[in-house]
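See below for the structure under consideration.
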Amino acid sequence: MISKDTIDRIMDATHIEEVIGEFVSLKKRGANHIGCCPFHNEKTPSFYVSPSKGIFKCFGCGKSGNAVGFLMDHEHYTYPEALRWLADKYHIQIEEEQLTEEQKERQTERDGLFHVSEFAQKYFADLLYNNELGRNIGLSYFHQRGLSDEIIKTFGLGYCLDEWDNFTTHARRNGYSDTVLEKTGLTIFKEDGKCYDRFRGRVMFPIFSISGRVLGFSGRILSKEKQAAKYVNSPDSDIYNKSHILYGLYQARNAIGKAEKCYLVEGNVDVVSMHQSGVCNTVASCGTSLTIEQIRLIKRYTPNVTVLYDGDSAGIKAALRAVNLLFEEGMHVRVVLFPDGEDPDSYAQKYGSTQLQDYLRDHEENFVQFKTRVLLEDVESDPIRKAEVLKEMVRTIALVPDMLERQEYVKQTAARLRASETILTQELAKTMAANAQKAWKEQQRNEQQPTPPAGQPQPPAPGQPSSGNADATPTPPSADQYSIVTGLNEDSSPTSLQITSQERTANDAILNDPTASRGGAGAEAQERHLVRLLITSGNKMILQEGIDDDGNPCPIELPLAEVVVDELSTNDLSFSNPVYQQIYTLYRDAVESGQPLPDANLFAQHPDGILRNTALTLMLTQYQISDQWRDKKHILVPSPETHLRRDLEETILTFKQKKVEHELEQNAFQIRSCTDPDDTVILMAQRKQLIQTWQAVCQKLGRVVV
């Protein structure tokens with residue numbers, strides 16, 4: 001177990017933008033960094049990272065947290081694993097405390113899958129250099145393909161001996177259970193109890209996560225057995241899903257971001273050969289056809305993809321399918337087809353790295369050039385076939401989400417196929433409408449009725465009848481209704497209690513104000529802003545009026561959080577929103593106990609996910625004042641901190657105003673429902689006092705009702 005002092009040193013050393021920058025392409029925007037969220041698919045960046053606060057927040061899906069939380073969510077690390085990753089990155093020596101037996105028992109099976117996969121990779125890599133068969137068979141194969149020892153070690157390549165259960169026996173001796181060996185797919189167990197190594201007699205290509213953890217393997221056979229598969233891949237497991245992984249992304253991610261382009265190839269060997277040839281921004285799908293999830297992985301680093309597939313019919317077919325998928329995800333696509341019978345690996349071996357790079361540059365085509373060239377083969381002057389090509393081109397263009405790109409592709413297609421641009425545009429509109437209709441119907445079929453939240457039924461809002469149409473808005477009573485039944489005669493008959501014309505006007509204003517609170521909802525904006533001030537400026541000093549030792553007025557400075565707590569406690573005010581109340585309670589308890597105020601780290605690691613997300617959302621804003629106002633237009637825009645005291649005062653007063661309006665609504669409902677004259681008098685007296693309080697607050701806000 002990692003000691004508390006070590007955790008503190010790790011957190012102090014961590015720069016969140018550096019950590020997240022290893023997984024997401026970030027661009028600086030003001031004090032923050034922004035990029036496309038890795039937790040959901042988006043075309044417009046809404047994922048913000050704040051170095052000063054040490055937090056991230058996605059304004060699209062709501063994900064938020066600190067660097068540790070990011071690693072736990074993105075890489076599926078446990079808390080200790082995330083800390084160890086950070087400690088390794090920032091060269092911090094970990095001080096550990098002895099685990100209890102109970103803590104040891106909590107070690108999950110998933111940890112075992114990671115550990116045995118890393119153990120296997122090291123064992124296979126060791127055999128490649130330190131075992132005679134490994135050198136003569138495995139290492140010799142890699143060298144024959146022109147791979148250097150540096151590239152071999154960069155990709156962690158290895159060799160599994162061609163023996164029945166060599167690896168399984170070695171893993172068992174080192175304490176790994178049959179359960180983890182079977183679940184990772186490293187060992188195959190038969191019904192009769194016998195077992196054998198899945199990858200025996202194969203050179204090994206370990207598959208890494210973006211952070212460098214071994215997730216699985218791809219093994220290539222070197223013998224000429226006709227019945228044996230050329231490649232064998234790890235089965236899906238708790239740590240490995242081949243449709244969500246790209247081979248080589250761990251080694252290529254920095255080069256992709258730097259080049260602003262990703263080369264997509266078909267096989268593992270192609271990836272390694274491309275890196276050997278200096279084209280390091282190259283990845284491949286892991287034993288599957290290209291998937292949406294894999295495309296979204298690439299999109300984290302760049303929207304620009306060049307597809308490199310074989311020039312045979314299978315390669316062309318795969319390229320056409322990949323182009324459509326990439327367009328659907330808003331990618332900018334180009335294609336390079338190698339000569340028939342060649343692939344990136346064979347071409348590099350035959351002609352060398354320089355000629356390979358020249359070929360990539362000279363034969364890169366945009367989608368229109370590639371697809372029309374491929375589809376027009378054998379069409380000649382056949383008008384029916386040409387119409388089919390046009391329709392196929394339109395179907396692909398309809399997948400492009402950007403309108404300007406679609407228009408440009410229509411122009412290029414019309415020019416290359418000598419077709420009418422107007423007709424193509426009309427056909428495109430029909431296709432897009434049909435796609436939208438199809439998507440809508442699919443959504444209707446899949447959409448489930450939302451389940452109402454568990455718990456008590458919602459009570460009627462104050463002023464709302466408890467039965468009947470719950471959606472009906474109650475009609476507010478006029479002021480006259482409140483100046484009639486306001487007192488009792490000696491015979492207990494109702495009499496009138498006079499109110500001032502100003503109070504009557506104020507009463508009318510409250511009752512007829514369309515923005516007045518309904519069920520307390522009207523204070524939501526004030527509650528939210530008040531909590532935002534606590535979170536962002538709770539420690540900042542506010543100048544207040546105080547009393548010195550002699551009883552004379554004097555200015556004093558107090559932390560903003562202390563001012564808020566004092567104001568709300570004195571006026572017995574609370575938050576209608578339960579999450580805001582929870583956050584406020586953290587500050588109130590800290591102020592009253594003299595403890596440090598909550599900080600970003602506390603919220604980022606808070607166990608309550610709703611509270612954590614709410615606090616980090618309020619802490620990190622999407623919008624900032626542009627420097628152009630100062631630099632180009634020479635206009636000084638004051639920051640919010642400049643008017644912090646005035647902002648706080650106005651927020652608290654407006655908060656009070658909304659609370660009083662809510663109480664007046666409840667009072668109005670009680671008066672309408674009341675049948676006892678004595679109680680009615682009390683309620684009307686309360687109403688008079690509430691109206692006076694409301695007037696006083698409005699006067700301070702400069703909103704006096706005349």
Side-chain angles (χ1 to χ4, degrees), residues 138 140-148 151-152 154-155 157 202-207 217-222 224 228-233 242 245-249 251-252 255-256 259 261-291 294-295 298 305-323 325-326 333-365 367 369-371 373-374 377:
S140 174
Y141 168 79
F142 288 132
H143 284 165
Q144 285 173 9
R145 299 195 78 99
L147 301 182
S148 66
I151 285 293
I152 290 170
T154 296
F155 282 85
L157 306 182
R202 295 174 181 269
V203 286
M204 301 297 291
F205 297 83
I207 299 163
F217 296 88
S218 180
R220 189 191 193 284
I221 198 166
L222 300 183
K224 296 183 179 179
K230 185 177 181 180
Y231 278 96
V232 169
N233 300 301
K242 57 180 173 288
I245 301 294
L246 285 164
Y247 181 76
L249 184 58
Q251 291 84 0
I256 292 171
K261 177 195 283 189
C262 176
Y263 285 108
L264 180 63
V265 298
E266 290 187 273
N268 302 345
V269 175
D270 292 328
V271 171
V272 181
S273 290
M274 290 281 282
H275 279 252
Q276 177 72 55
S277 300
V279 188
C280 297
N281 50 327
T282 307
V283 299
S285 55
C286 288
T288 65
S289 298
L290 186 66
T291 66
Q294 291 168 339
I295 294 170
I298 298 172
V305 176
T306 298
V307 178
L308 309 183
Y309 281 176
D310 300 354
D312 57 16
S313 59
I316 291 172
K317 186 177 179 181
L320 289 171
R321 179 183 176 276
V323 166
L325 280 175
L326 288 160
V333 189
R334 299 183 77 80
V335 182
V336 173
L337 282 187
F338 284 87
D340 195 1
E342 299 283 8
D343 57 31
D345 174 50
S346 64
Y347 196 93
Q349 286 190 64
K350 189 178 293 186
Y351 300 107
S353 61
T354 302
Q355 207 159 330
L356 171 67
Q357 293 182 39
D358 290 342
Y359 186 88
L360 294 177
R361 184 186 64 249
D362 297 338
H363 290 79
E364 193 173 68
E365 302 175 285
F367 130 79
Q369 294 169 321
F370 160 69
K371 197 160 187 174
R373 179 173 59 80
V374 170
E377 290 179 3

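Residues take their numbers from the sequence shown, with the count starting at 1. Computed from a predicted structure; not experimentally measured.
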Hey, are the side chains of K371 and V323 touching, using non-hydrogen atoms and a 4.5 Å cut-off? no
Can you see whether Q276 engages S148 through a side-chain donor-acceptor pair at a distance of less than 3.5 angstrom? yes
N/O donor-acceptor pair under 3.5 Å between Q355 side chain and G352 backbone: no
Are S277 and Q357 close enough, and set up right, to give a side chain to side chain donor-acceptor pair (under 3.5 Å), and what steps lead you there? CA-CA 8 Å; S277 300; Q357 293 182 39; over 6 Å; no
Looking at E266 and A318, what are the two nearest heavy atoms and their distance? OE2-CB, 4.4 Å
Is there a donor-acceptor pair under 3.5 Å between the side chain of D345 and the backbone N or O of S273? no
Could you give the distance from CG (L360) to CZ (R334), rounded to the nearest 0.5 Å? 12.5 Å
From H363 atom NE2 to L337 atom CG, the distance as rounded to the nearest 0.5 Å: 10.0 Å
Side chains of T154 and Q251, donor plus acceptor under 3.5 Å: no
Shortest non-hydrogen contact from L308 toward P344: CB-CG, 4.4 Å
What are the two closest non-hydrogen atoms of P206 and Y247, and how far apart are they? O-CE1, 3.4 Å
List the atom of K261, the atom of E364, and the distance in Å for their closest heavy-atom pair. NZ-OE2, 3.1 Å
Just verifying a value: how many Å separate I298 CD1 and L264 CG, rounded to the nearest 0.5 Å? 5.0 Å
Inter-residue atom distance C280.SG - M274.CE, 0.5 Å rounding: 9.5 Å
Heavy-atom distance under 4.5 Å between the side chains of H275 and F155, does that happen here? yes
What closest approach, in Å, do V283 and A252 show between heavy atoms, and which atom pair accounts for it? CG1-CB, 4.0 Å
Check step by step if side-chain contact (heavy atoms from CB on, under 4.5 Å) holds for V265 and D343. CA-CA 9 Å; V265 298; D343 57 31; over 6 Å; no
Test I316 against Y309 for side-chain contact (heavy atoms from CB on, under 4.5 Å), laying out the working first. CA-CA 7 Å; I316 291 172; Y309 281 176; over 6 Å; no
Side-chain heavy atoms of I151 within contact of F142, under 4.5 Å: no
Determine, stepwise, if the pair R145 / V269 fulfils side-chain contact (heavy atoms from CB on, under 4.5 Å). CA-CA 9 Å; R145 299 195 78 99; V269 175; 3.5 Å; yes
Separation between NZ (K230) and CD1 (I221), nearest 0.5 Å, reads 11.5 Å
Compare all side-chain heavy atoms of L290 with those of V307 and state whether any distance is below 4.5 angstrom. no
On a heavy-atom basis, the closest approach of Q294 and I245 is NE2-O, 3.0 Å
With heavy-atom distances below 4.5 Å as the criterion, would you say the side chains of L249 and I256 are in contact? yes
Counting C-beta onward and ignoring hydrogens, is there a side-chain heavy-atom pair between H143 and I152 closer than 4.5 Å? yes
Could you go through the side-chain contact (heavy atoms from CB on, under 4.5 Å) check for K242 and N233 one step at a time? CA-CA 9 Å; K242 57 180 173 288; N233 300 301; 5.5 Å; no
Would you compute the distance between atom CG of L157 and atom CZ of F205 and round it to the nearest 0.5 angstrom? 5.5 Å
